[in-house]
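When a ligand or atom number is given, it counts from 1 through the structure's own listing order. As a basis for the values below, the full set of heavy atoms in this structure was taken, side chains included, without hydrogen atoms, waters or symmetry mates. Please read these numbers as outputs of a predicted model, since none were measured by experiment.
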Amino acid sequence: MKLTIIGTGYVGLVTGACFAEMGNTVTCVDIDEKKIDGLKKGVLPIYEPGLESVVINNYKNGRLQFCTSLEDSAAESGIYFIAVGTPPGEDGSADLRYVLAVAREIGRHINDYTIVVDKSTVPVGTADKVNAAIRDELTRRGVKIAYDVVSNPEFLKEGAALEDFMRPDRVIIGTNSEQVRKVMRDLYLPFMRNHERLLFMGVRDAEMSKYAGNAMLATKISFMNEIANLCERMGVDIENVRQGIGSDSRIGYSFIYPGAGYGGSCFPKDVKALVRMALDHDFEPKVLNAVEQRNDIQKHVLFEKISKRFGAKLRGLTFGLWGLAFKPGTDDMREAPSVILLKELINAGAIIKAYDPVAMAAARRELPNEWFKSGQLKLVDEQYSALDGTDAMVLVTEWKPFRHPDFKLIKKIMKTPVIFDGRNQYDPALLREAGFEYSGIGR
Ligand SMILES: NC(=O)c1ccc[n+]([C@@H]2O[C@H](COP(=O)([O-])OP(=O)(O)OC[C@H]3O[C@@H](n4cnc5c(N)ncnc54)[C@H](O)[C@@H]3O)[C@@H](O)[C@H]2O)c1
């Protein structure tokens, strides 16, 4: 099939690369010229395990092409995927300006029957707006061309995006058209060779499924953080509690790790957008509000622990920070808990030496320049260098190389052996025995 993917970010690039890998001819379009130029030279704009070789191989064999506008795309395709960003607007609602701009562009471009697929995360009712935007453009052109708008929310996880796309738990298709079902089924079947995992439903149901899914996961995290904070006050070990409840098959082990709050480009904005949708329907979302509130508080927990130990003024103290990305496996810094902690440490006068296995370039690009200029934030290119001569170590992102480090070396190079474990990666008893002061989340 010939496909066009508009928006070549985390979702668009992975979608395009995976469809090309399955034998389709894919054009990825993005208005960001630098991104497209880089991709044509084999330089990926994001870090995602395994993605680079799939992109480069498919670009070389001609199944994957890149361009900056629909006008430049070589051939017209029958299916257009919208995969542009839907950032939060001022009132928390998803900002649809990019999605609707793309819809209008599609309306200006198509000449034959087309399926338009909303892959961006969009509020309930967006497919109708996309529909109207395309219809307006066709009317302006004075042409009658049939098209269908489908909702196909994306559930990939950054850090495992390729794997998730290639072997999805499920693919949700929101449509009422039998013809569209057939085409979408045909397109996705190569990704589910052993058993079909396609779920067909109404467009609005599909749109809501994405928000409800992310909100459920965010709820699990906030719930666990709440229990962890309570455990700490009651002298209960949250890690034992986590295992105690995770072993119940109705609860399960995933997504019940306490930490420094959820971040990234999806959970924070999607919970906010769902709250907004509820308020717009005169419905007060009590659980969702609490999930957000707990997360906002949780992002300050590490700093609170640090200031409890060292005082509110941290001038003259140096902290070694491990992990900047919002989670392991990605270089994405959007809404990362590390950014809030850095801001608090810097405002308190501290110096920070930070290291992340892949997010260093993103950090240099996205963190405020004055943090670097003032000399308060130093990015170092090796994990132990970040701890050399420091007053405390703070683990923020649980990358694998941080899981079992050389604590003998750490003890030797740190000024004072104090560890703030923002991901409960380490055994407090072992560390205390080794002469460290230890503080984790909820313990
Ligand atoms: N990142 C994730 O893990 C993830 C997972 C599931 C769903 N989503 C959703 O998918 C959507 C995209 O997310 P993302 O993380 O890939 O975003 P992103 O910011 O990484 O990429 C969006 C891209 O769209 C491009 N763009 C904007 N306007 C354009 C236009 N008119 N024409 C062509 N390109 C245009 C931007 O230049 C950018 O490269 C969002 O709605 C997001 O909520 C994201």
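For atom 41 (O) of ligand 1, the closest non-hydrogen atom on the protein side is Thr86 OG1, 2.6 Å. The protein heavy atom nearest to atom 37 (O) of ligand 1 is Asp30 OD1, 2.6 Å. For atom 19 (O) of ligand 1, the closest non-hydrogen atom on the protein side is Arg334 NH1, 3.4 Å. Gly7 CA, 3.5 Å is the protein heavy atom nearest to atom 24 (O) of ligand 1. What sits closest to atom 22 (C) of ligand 1 on the protein, heavy atoms only, is Gly85 N, 3.7 Å. Summary of contacts: the protein heavy atom closest to atom 27 (C) of ligand 1 is Val84 CG1, 3.7 Å. Nearest non-hydrogen protein atom to atom 28 (N) of ligand 1 is Ile31 CD1, 3.5 Å. What sits closest to atom 21 (O) of ligand 1 on the protein, heavy atoms only, is Gly9 CA, 3.2 Å.
We find that Arg276 and Asp280 are joined by a salt bridge, their nearest charged nitrogen and carboxylate oxygen being less than 4.0 Å apart. Ion pairing of Glu232 with Arg443 is absent here, as no side-chain N (NZ or NE/NH1/NH2) approaches a carboxylate O to less than 4.0 Å.
Relative to atom 2 (C) of ligand 1, the option among Glu158, Lys34, Glu48 with the closest non-hydrogen atom is Glu158. With atom 16 (O) of ligand 1 as the reference point, the heavy atom nearest to it among Asp332, Val14, Val11 is part of Val11.
When Thr8, Asp32, Leu64 are each tested for a side-chain contact (heavy atoms from CB on, under 4.5 Å) with Leu39, only one passes: Thr8.
Residue contact check: Ser265 has heavy atoms under 4.0 Å from atoms 1 (N) of ligand 1. Numbered from 1 in the order shown, with element, the atoms of ligand 1 that lie under 4.0 Å from a heavy atom of Ile6 read 32 (N), 33 (C).
For the pair Lys378 and Phe372, the NZ or CZ position fails the cation-pi test of under 6.0 Å to the six-membered ring centre and within 45 degrees of the ring normal. Both the sub-6.0 Å distance and the 45° axial angle are satisfied by Arg170 relative to the ring of Phe155.
The N/O atoms of Tyr98, backbone and side chain alike, include none that comes under 3.5 Å of an N/O atom in ligand 1. Note: no N/O pair closer than 3.5 Å links Lys119 and ligand 1 by distance alone. Between Glu154 and ligand 1, no N or O atom pair is found at a separation short of 3.5 Å.
Between the side chain of Trp322 and the main chain of Gln383, a donor-acceptor pair closer than 3.5 Å is present.
For Ala101, the closest heavy-atom approach to ligand 1 does not fall below 4.0 Å. Using a 4.0 angstrom heavy-atom cutoff, Lys157 does not count as in contact with ligand 1.
Aromatic ring centroids of Phe303 and Phe319 lie 6.0 Å or more apart.
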